[in-house]
K.L.:
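Sharing a structure with you now.
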Amino acid sequence: MADYKQAGVDIDAGEALVHRIKPYVAETRTAGSLGKLGAFGGFFRADFGKLKEPVLVASVDGVGTKLKIAHTSGVHHTVGQCLVNHCVDDILACGARPLFFLDYYATGRLDVDAASEVIRGFTIACRENGCALIGGETAEMPGLYNGDEYDLSGTIVGVVDREAIIDGSRIEEGDTLLALPSTGLHTNGYSLARHVLLGENALPLEYEVEPGVSLRDALLAVHRSYLKPVTGLLDAGVEIRGISHITGGGIFGNTKRVLPEGLWIEIDEAAWQWPALFRLLQERGAISHDEMFRAFNLGIGMILILSPTQAEVARTKLAEAGERVIELGRVIRRA
């Protein structure tokens with residue numbers, strides 16, 4: 001007699017996971033959170049306070065093959081944080097602040113311990129970003145995924161006043177690029193990084209990328225959220241004309257998405273030094289300079305585009321908040 005468990009789907013494990021994560025999810029509740037975990041939909045009470053014309057901003061993303069590192073190393077909570085922070089940074093680039101997050105966890109065989117650690121990571125980042133985790137989906141699909149390997153995606157919804165949307169339309173020639181450092185690869189470039197570092201003649205995960213930092217730690221470093229420093233500037237009245245979240249495509253590929261027609265960016269490569277992980281990747285993989293800029297963030301996680309006057313104000317305020325700021329370059333007229 002056949003049953004679902006024999007076919008590879010363990011309903012009891014799914015129920016055990018829901019029970020395990022309830023306390024984590026409860027910690028992300030915000031003033032807008034309604035309903036309970038396990039309902040057919042997530043509830044959020046919309047109260048936009050003093051916003052004149054609130055606009056919802058939504059984004060969906062994944063973590064990519066960084067998940068292979070998590071699975072190999074048995075460290076699962078950082079990729080959960082990465083996913084939330086990546087989504088937060090994407091809508092932040094439009095000037096939006098997060099309201100709520102939903103996740104999707106798909107696997108061939110549900111490992112309750114690994115899944116609960118991933119979701120614990122979601123809740124850590126949701127709390128840090130003031131964002132409610134209001135729902136999600138766990139799908140066990142034997143035959144589509146191998147063993148207990150898993151895939152993730154997340155959807156975030158935030159809000160911004162229409163007049164405060166940051167879309168790059170006010171960017172002008174001569175504007176300043178201020179960069180905030182990344183914590184590593186973030187969630188992009190892992191297919192190339194794995195090919196170079198963990199493919200043929202792989203380095204051990206214990207290899208020291210720099211003193212006291214193992215390759216495992218460097219590759220699993222949490223994708224940073226820039227919500228606090230950027231909203232700190234916005235709340236102080238600093239005019240940010242454009243924001244570029246440096247993901248796949250690198251500094252140039254992402255920043256061109258916010259530039260008006262006819263403008264480009266000029267980068268001062270002497271303004272910062274590539275972190276050790278990126279230098280290791282280039283040396284070990286003999287990766288060209290241009291390809292490094294296309295595939296990786298090279299230690300730059302977010303770029304703020306401001307007028308020279310506002311850049312001075314922003315630099316001072318960020319420094320006062322303990323932020324390291326890199327004056328990366330300027331906006332130029334495209335040849």
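Keep in mind that what you see is a predicted model, and the values were worked out from it rather than measured.
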K.L.:
Quick test of your reading: applying salt bridge (charged side-chain N to carboxylate O under 4.0 Å, His left out), list the pairs with at least one residue in residues 206-222, sequence neighbours left out, ordered by first then second residue.
P.N.:
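Applying salt bridge (charged side-chain N to carboxylate O under 4.0 Å, His left out) to every pair that reaches into residues 206-222, excluding sequence neighbours, yields E206-R216.
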K.L.:
Find the distance between OG1 (T247) and CZ (R257) and round it off to the nearest 0.5 Å.
P.N.:
5.5 Å
K.L.:
According to side-chain hydrogen bond (donor to acceptor under 3.5 Å, both in side chains), does anything in residues 44-56 pair up with another residue at least two apart or in another chain? List the pairs.
P.N.:
E53-R162
K.L.:
Nearest 0.5 Å, please: how far is CG in L306 from CD1 in I243?
P.N.:
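Taking CD1 in I243 and CG in L306, the distance rounds to 8.5 Å.
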K.L.:
Once you round to the nearest 0.5 Å, how far does CZ of R29 lie from CZ of F44?
P.N.:
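Between R29 CZ and F44 CZ, I get 10.5 Å after rounding to 0.5 Å.
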K.L.:
Measuring from T78:OG1 to K66:NZ, what's the distance to the nearest 0.5 Å?
P.N.:
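Interatomic distance, T78 OG1 to K66 NZ, rounded to 0.5 Å: 5.5 Å.
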K.L.:
Looking at every non-hydrogen atom in both residues, tell me the closest pair between L328 and I251 and how far apart they are.
P.N.:
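Nearest pair, atom of L328 first, then I251: CD2-CG2, 4.4 Å.
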K.L.:
Answer yes when K317 and E320 have at least one side-chain N-carboxylate O distance shorter than 4.0 Å, and no when they do not.
P.N.:
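Answer for the salt bridge query: no.
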K.L.:
State the CD1-OH distance between I119 and Y105, to the nearest 0.5 angstrom.
P.N.:
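Answer rounded to 0.5 Å: 7.5 Å.
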K.L.:
For residues 174-203, which residue pairs qualify under salt bridge (charged side-chain N to carboxylate O under 4.0 Å, His left out), counting only residues two or more places apart or in two chains?
P.N.:
D175-R241
K.L.:
Show me the donor-acceptor pairs, under 3.5 Å and distance only, between side chains in residues 273-285 and residues at least two apart or in other chains.
P.N.:
unit_1, atom_1, unit_2, atom_2, d
R279, NH1, W274, O, 2.4
Q282, NE2, I287, O, 3.3
R284, NH2, N201, O, 2.4

K.L.:
Listing request: all salt bridge (charged side-chain N to carboxylate O under 4.0 Å, His left out) pairs with a residue in residues 258-277, at least two apart in sequence or in separate chains.
P.N.:
E266-R330
K.L.:
Side-chain donor-acceptor pairs under 3.5 Å in residues 130-137, sequence neighbours left out?
P.N.:
none

K.L.:
Do any side-chain atoms of residues 178-187 form donor-acceptor pairs under 3.5 angstrom with protein atoms, and if so which ones, sequence neighbours left out?
P.N.:
unit_1, atom_1, unit_2, atom_2, d
S182, OG, G184, N, 3.4
S182, OG, G184, O, 3.1
S182, OG, N297, OD1, 2.9
T183, OG1, H186, NE2, 3.2
T183, OG1, V222, O, 2.5
H186, ND1, H223, NE2, 3.4
H186, NE2, T183, N, 3.1
H186, NE2, R224, N, 3.4
T187, OG1, H86, ND1, 2.6
T187, OG1, H223, ND1, 3.2

K.L.:
Would the distance check show the side chain of T255 and the main-chain N or O of F252 forming a donor-acceptor pair, the cut-off being under 3.5 Å?
P.N.:
no
K.L.:
Under the rule for side-chain contact (heavy atoms from CB on, under 4.5 Å), what residues qualify as partners of H71, not counting sequence neighbours?
P.N.:
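For H71, the residues satisfying side-chain contact (heavy atoms from CB on, under 4.5 Å) (neighbours in sequence not counted) are D148, E149.
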K.L.:
Would you indicate whether R324, at its atom CZ, is surrounded by more than 12 heavy atoms from other residues, nucleotides or ligands within a distance under 6.0 Å?
P.N.:
no
K.L.:
Taking only residues two or more places apart in sequence, or in another chain, which ones meet R315 in a side chain to side chain donor-acceptor pair (under 3.5 Å)?
P.N.:
E312, E327
K.L.:
With distance as the sole criterion, is a donor-acceptor pair present between the side chains of S169 and D167 under 3.5 Å?
P.N.:
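Their side chains do contain a donor-acceptor pair, which is all the 3.5 Å distance test asks for.
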K.L.:
Considering residues at least two apart in sequence or located in another chain, which fulfil the side chain to side chain donor-acceptor pair (under 3.5 Å) criterion with E239?
P.N.:
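Side chain to side chain donor-acceptor pair (under 3.5 Å) list for E239, sorted by chain: R170.
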K.L.:
Among residues two or more places apart or on two chains, list those pairs meeting salt bridge (charged side-chain N to carboxylate O under 4.0 Å, His left out) that have a residue in residues 89-105.
P.N.:
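For residues 89-105, and leaving out neighbouring residues, the salt bridge (charged side-chain N to carboxylate O under 4.0 Å, His left out) pairs sorted by first residue read R97-D235.
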K.L.:
Can you measure from NE2 (H76) to CG (D111) and round to the nearest 0.5 angstrom?
P.N.:
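That separation rounds to 6.5 Å.
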K.L.:
Hydrophobic clusters here meaning ILVMFWY residues chained together by side-chain heavy-atom distances under 4.5 Å, can you tell me if Y150 and I124 are in one?
P.N.:
no
K.L.:
Which Ile, Leu, Val, Met, Phe, Trp or Tyr residues join F43 in one cluster when any pair of side-chain heavy atoms under 4.5 Å counts as a link?
P.N.:
L34
K.L.:
Would a hydrophobic clustering, with Ile, Leu, Val, Met, Phe, Trp and Tyr connected at side-chain separations under 4.5 Å, put V60 with Y104?
P.N.:
no
